[in-house]
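All of these numbers come straight from a predicted model, not from anything done at the bench. Here is the naming used below: chain letters follow the sequence lines, and residue numbers restart at 1 for every chain.
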Amino acid sequence: GIQVEQSPPDLILQEGANSTLRCNFSDSVNNLQWFHQNPWGQLINLFYIPSGTKQNGRLSATTVATERYSLLYISSSQTTDSGVYFCAGSTGTYKYIFGTGTRLKVLA
Amino acid sequence: ETGVTQSPTHLIKTRGQQVTLRCSSQSGHNTVSWYQQALGQGPQFIFQYYREEENGRGNFPPRFSGLQFPNYSSELNVNALELDDSALYLCATRPGITGELFFGEGSRLTVL
């Protein structure tokens with residue numbers, strides 16, 4: 001099965017800073033999502049982005065499908081951005097494989 | 001709000017017992033999958049149901065079983081609970097056999 005590698009594993013930022021999270025896939029995927037897991041455990045959808053670029057407020061994401069990676073950009077970070085960010089992908093019609101996550105802490 | 005509801009939110013069981021977790025699907029979503037998330041790890045795929053049939057399974061033993069009902073709600077059953085079954089169990093739905101997943105808030109199971 002595919003392997004999903006996320007970097008960095010941990011990130012500490014001052015409020016207002018920008019950051020880039022990366023996700024590498026060992027094989028091509030036809031579904032790809034970014035999630036933010038809140039302290040209560042819920043996975044919140046950020047982007048469904050098997051290819052191309054999308055933006056939503058301070059967040060944006062880019063997937064380069066031919067090179068099997070995706071990037072999540074967070075600009076002007078806020079303390080509420082703290083939590084764990086996961087990327088996940090699938091090659092077929094069922095299971096998504098998740099990375100191990102990037103743990104982000106934004107300091108006031 | 002994803003429209004996916006899970007119950008119960010928290011529960012405690014003892015080793016050897018059985019547990020049933022429930023998931024109500026968002027309207028129009030005919031595919032449901034279940035994931036197990038151990039502390040500090042990413043979610044791991046358990047299985048998926050599409051139109052009431054299991055159509056994919058991860059590396060979990062047969063004591064993990066499921067059902068999907070005609071209204072597309074779903075159950076996850078775990079028999080003979082082990083300590084390592086302690087985890088957050090997440091249900092996800094989507095409007096077709098592929099595409100974007102929408103997760104519920106999860107059921108946190110503790111096995112003592």
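- The distance from atom CZ of B:F102 to atom CD of A:Q33, rounded to the nearest 0.5 Å, is 7.0 Å.
- Linking Ile, Leu, Val, Met, Phe, Trp and Tyr residues whenever their side-chain heavy atoms come within less than 4.5 Å leaves B:F60 and B:Y50 in two separate clusters.
- Chain A forms the most heavy-atom pairs under 4.5 Å with one residue out of B:G104, B:G106, B:G58, and that residue is B:G104.
- With a 6.0 Å radius and a threshold of 12 heavy atoms from other residues, nucleotides or ligands, A:E5 has its CD atom at or below the threshold.
- A distance-only check finds a donor-acceptor pair linking the side chain of A:N45 to the backbone of B:L101 [under 3.5 Å].
- Hydrophobic clustering (ILVMFWY, side-chain heavy atoms < 4.5 Å, transitive): A:Y48 and A:I74 are in distinct clusters.
- Here CD of B:E105 is found 11.0 Å from CG of A:L43. Values are rounded to the nearest 0.5 Å.
- Atom CZ of B:R63 has more than 12 heavy atoms from other residues, nucleotides or ligands within 6.0 Å.
- In this structure, the portion of A:Q37 lying under 4.5 Å from any heavy atom of chain B is its side chain and not its backbone.
- Formation of a donor-acceptor pair under 3.5 Å by the A:R103 side chain with backbone atoms of B:G40 is found in this model.
- Note: the hydrophobic cluster containing B:L109 also contains B:L21 (ILVMFWY, side chain heavy atoms under 4.5 Å, direct or indirect links).
- Taking a 6.0 Å sphere around CG of B:L83, one finds it holds more than 12 heavy atoms contributed by other residues, nucleotides or ligands.
- No continuous path of ILVMFWY side-chain contacts below 4.5 Å connects A:F47 to A:Y73, so the two sit in separate hydrophobic clusters.
- For A:F86, the part lying under 4.5 angstrom from a heavy atom of chain B is the side chain only.
- Between the NZ atom of A:K95 and the CG atom of B:N59 there is a distance of 8.0 Å, given to the nearest 0.5 Å.
- Side-chain N/O atoms of B:E100 and A:N31 include no donor and acceptor closer than 3.5 Å.
- In terms of heavy-atom pairs under 4.5 angstrom with chain A, the leader among B:P43, B:G56, B:S33 is B:P43.
- In this structure, chain A has a heavy atom under 4.5 Å from the backbone of B:R57, while its side chain stays farther away.
- For B:Q37, the part lying near chain A is the side chain, with the backbone staying farther off; criterion is any non-hydrogen pair under 4.5 Å.
- Between A:F98 atom CZ and B:L90 atom CG the span is 8.0 Å, to the nearest 0.5 Å.
- With a threshold of 4.5 angstrom between heavy atoms, B:Y35 approaches chain A through side-chain atoms but not through N, CA, C or O.
- By the criterion of side-chain heavy atoms lying less than 4.5 angstrom apart, applied directly or through intervening Ile, Leu, Val, Met, Phe, Trp or Tyr residues, A:L11 is grouped together with A:L46 in one hydrophobic cluster.
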